[in-house]
Student: 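Here it is: the structure, laid out below.
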Amino acid sequence: MLRRTVAAASIALATLAGSAARADEILVGAHMPLTGSLARSGQAFDEGMRVAIQMFNARSDKHKIRLQVIDDESTPAKAVSAVEKLVSDGAVAVVGGYGSNIIGPASDASNRLKTTYITAGAVSDELTVRGLKTFFRINNNAGYQRGIGTLLEALKPTSVSILASTKEAPALLAKGLQKDLSAKGVKVTVHEFDPAITDFKPIINKVKLQDRSDILMMSAYENDYVGIIRAAKVLKPPVKLVVGAWSLATPKMSAEFPDLMNNVVGTSFLPYPVEMKDEEGKRFAEVYKTTYNKEIEYLSTLSFVETTILAEAIARAAEAGTLKAGGLPDAMRQTDRETLLGPVQFDATGDNPRFAVAMGQHRAGKVVLVSPPASATGEIVYPGLPW
């Protein structure tokens, strides 16, 4: 009897060991700006990425992903070093961080090392004309430009002032908006500024005394938004609305700067509090809330989608037996699915031509989607200012 019990236990342990052995562990690397000027964005990206991998591992019996993250400290050189370290450690792919000036050299390094690279944090057009076979992204400047342009055109302003950082992505967005709006008869004045400046009063004074525009548009990043709106709140230019781009219409900005955000508009995908309609979205919101004790937001959603797509492609390549033979880029190009951000499908350059974005307006701690009409959860407050 004892021998039969021991034998049964041995068989059970062997079965469990066999099941564990069948679950291949695959290393995925990531570099994120967890410190430095872009740390607020990097933290949100990191959270969405981790939840995506947690959910993938929970539903996958054959393939498990282990994540290794290196802080790139918001600098290009550290991002390149991170990519090199991750690939040397055996990562089959790298999830990129934030900022086109950082993603550019980091993805160059990844391509040189023949390793797949995906990002949701860089929109420069120059990234997809390099002919890299290993580079992929789910969002782009064209989608942001369409989203902002659709809102501005619907408001029918006679003039718009654009405050644009000279960093690559903000400068590109400003240039595109200026061209599109000017072609429609809108007077557009662009004020470029160096990312290092912190006093925006001189520029806001020009908007107030010279431009006298209907709308103040910010093509910039989080720290810039705060400085610009603070200066505008003091000088009170006669604009009717303050609009910005990425990383603005988020609950984090509302929570950290409640005196600056009300009525400000920025790119978004989801209202806040979050309303998810499909099962994947509901599960993401549930796991995220359980893990981080807060609601999901814009950047976390971007990161969740890119990481989920990467994990699914890794599983396809592993099933086909091509993962270790350089087959991951081909598996990535097989992607064609609906996501929380809309459809994702990669073209020959690695870009997602189907990317589109909505616009959200801060309202007393909430974010209401106000454009386009098909995505709107409420009407825009216009005129509407944070002062």
Side-chain angles (χ1 to χ4, degrees), residues 99-101 104 121-129 139-197 200-229 231-232 235 237-249 264-268 351 353 355-361 370-372 380 382-385:
S100 295
N101 64 315
V123 301
S124 170
D125 291 346
E126 293 184 7
L127 295 174
T128 52
V129 298
N139 53 343
N140 48 51
N141 179 69
Y144 286 107
Q145 188 175 312
R146 279 194 300 271
I148 297 169
T150 296
L151 171 72
L152 297 184
E153 290 164 25
L155 297 176
K156 295 180 169 52
T158 59
S159 57
V160 174
S161 293
I162 301 178
L163 274 63
S165 167
T166 54
K167 282 190 175 181
E168 191 172 9
L172 180 67
L173 177 62
K175 184 177 179 180
L177 287 171
Q178 180 183 31
K179 180 181 178 180
D180 289 351
L181 292 171
S182 297
K184 292 176 172 61
V186 180
K187 178 187 175 185
V188 180
T189 306
V190 177
H191 300 276
E192 295 184 341
F193 64 85
D194 187 285
I197 77 165
F200 289 92
K201 291 189 183 70
I203 298 177
I204 293 297
N205 217 31
K206 290 181 181 179
V207 174
K208 177 179 181 178
L209 301 177
Q210 299 174 16
D211 301 355
R212 303 189 65 81
S213 298
D214 295 322
I215 293 174
L216 173 61
M217 167 66 204
M218 305 177 294
S219 186
Y221 294 114
E222 300 97 316
N223 293 341
D224 305 320
Y225 299 144
V226 173
I228 291 168
I229 297 173
L235 296 175
V239 297
K240 299 177 182 177
L241 192 69
V242 178
V243 179
W246 38 80
S247 308
L248 177 58
V264 172
V265 178
T267 59
S268 188
D351 214 357
F355 173 68
V357 69
M359 301 298 293
Q361 185 174 38
V370 295
S371 177
I380 190 168
Y382 182 77
L385 296 168

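Numbers here simply count residues along the sequence, with the first being 1.
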Student: If you define the side chain from C-beta out and look only at heavy atoms, does anything of V160 sit under 4.5 Å from K187?
Tutor: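 Answer no - side chains too far apart.
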Student: Name the orientation class of the two ring planes belonging to Y221 and W246 (parallel below 30°, tilted from 30 to 60°, perpendicular beyond 60°).
Tutor: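 Because their plane-to-plane angle lies in the 30° to 60° range, the rings of Y221 and W246 count as tilted.
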Student: Write down the atom of P372, the atom of V357, and the distance for their closest heavy-atom approach.
Tutor: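 Taking P372 first and V357 second, the nearest heavy atoms are CD-O, 4.3 Å.
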Student: Quick one: does L241's side chain get under 4.5 Å of L216's, heavy atoms only?
Tutor: no
Student: Strictly by ring pair (Phe, Tyr, Trp, His ring centres under 6.0 Å), give each pair with a member in residues 148-171 just once, sequence neighbours left out.
Tutor: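 Not a single pair qualifies under ring pair (Phe, Tyr, Trp, His ring centres under 6.0 Å).
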Student: Rounded to the nearest 0.5 Å, what separates atom OH in Y382 from atom CG in L155?
Tutor: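 Between atom OH of Y382 and atom CG of L155 there are 5.5 Å.
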Student: Is a donor on one side and an acceptor on the other found under 3.5 Å between the side chain of D214 and the backbone of K240?
Tutor: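 Answer holds: no.
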Student: Under a 3.5 Å threshold, yes or no: a donor from one side chain and an acceptor from the other, between S100 and S124?
Tutor: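 S100 vs S124: no donor-acceptor pair found between side chains.
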Student: Taking the side chain as C-beta and beyond, is there a heavy-atom pair between V242 and L385 under 4.5 Å?
Tutor: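 Side-chain contact under 4.5 Å: yes.
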Student: Would a 4.5 Å heavy-atom cut-off, applied to side chains only, mark V243 and I215 as touching?
Tutor: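 Answer yes - side chains close enough.
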Student: With rounding to the nearest 0.5 Å, note down the distance linking OG1 in T158 to CZ in R212.
Tutor: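 With rounding to 0.5 Å, OG1 (T158) is 11.5 Å from CZ (R212).
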Student: How long is the straight-line distance from CG of L209 back to CG of N205, given to the nearest 0.5 Å?
Tutor: 4.5 Å
Student: Side chains of D194 and T166: do they bring a donor and an acceptor to under 3.5 Å?
Tutor: no
Student: Using atom types as modelled and distance alone, determine if a side-chain donor or acceptor of K208 lies under 3.5 Å from a backbone N or O of L235.
Tutor: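 Judged by distance alone, yes, a pair lies under 3.5 Å.
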Student: If you compare all heavy atoms of P237 against all heavy atoms of V207, which two are closest, and at what distance to 0.1 Å?
Tutor: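 The answer is CB-CG1, 4.2 Å.
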Student: State whether the number of non-hydrogen atoms from other residues, nucleotides or ligands found under 6.0 Å of E153 atom CD is greater than 12.
Tutor: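 More than 12 within 6.0 Å, yes.
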Student: Specify the closest pair of heavy atoms between S268 and A249, including all atoms of both residues, with the distance to one decimal.
Tutor: OG-O, 4.1 Å
Student: So among I162, V239, T189, which one has a side chain to side chain contact (heavy atoms under 4.5 Å, CB included) with D211?
Tutor: T189
Student: Restricting to non-hydrogen atoms, name the atom on S159 and the atom on S213 that form the minimum distance, rounded to 0.1 Å.
Tutor: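 Closest approach of S159 to S213: OG-CA, 3.1 Å.
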Student: Taking atom types as modelled, find out whether D224 and S165 have a side-chain donor-acceptor pair closer than 3.5 angstrom.
Tutor: no
Student: Under 4.5 Å between any side-chain heavy atoms of L172 and V123, yes or no?
Tutor: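 Of all side-chain heavy-atom pairs linking V123 with L172, none is under 4.5 Å.
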Student: Taking the side chain as every heavy atom from C-beta outward, state whether T267 and I148 have any atom pair closer than 4.5 Å.
Tutor: yes
Student: If you measure from NZ on K167 to CG on L173, what distance do you get to the nearest 0.5 Å?
Tutor: 15.0 Å
Student: If the condition is side-chain contact (heavy atoms from CB on, under 4.5 Å), which residues does K179 pass it with, not counting sequence neighbours?
Tutor: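 None.
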Student: Could you tell me the separation between the CD atom of Q361 and the CD1 atom of I380, rounded to the nearest 0.5 Å?
Tutor: 5.0 Å
Student: Using 0.5 Å steps for rounding, measure from the OG atom of S161 to the CD1 atom of I204.
Tutor: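 So the OG of S161 and the CD1 of I204 are separated by 8.5 Å.
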Student: How close do M359 and G147 get, counting heavy atoms only, and between which atoms?
Tutor: CG-O, 3.6 Å
Student: If only atom types and distance count, is the side chain of Y225 paired as donor or acceptor with the main-chain N or O of L248 below 3.5 Å?
Tutor: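 Checked: no pair found.
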Student: Looking at R146 and F355, would you say the former's side chain and the latter's main chain have a donor-acceptor pair under 3.5 Å?
Tutor: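 It does hold such a pair.
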Student: Passes side chain to side chain contact (heavy atoms under 4.5 Å, CB included), Q145 versus L177? Steps please.
Tutor: CA-CA 6 Å; Q145 188 175 312; L177 287 171; 4.0 Å; yes
Student: Can you give me the closest heavy-atom contact between A174 and S219, atom names plus distance?
Tutor: N-OG, 3.8 Å
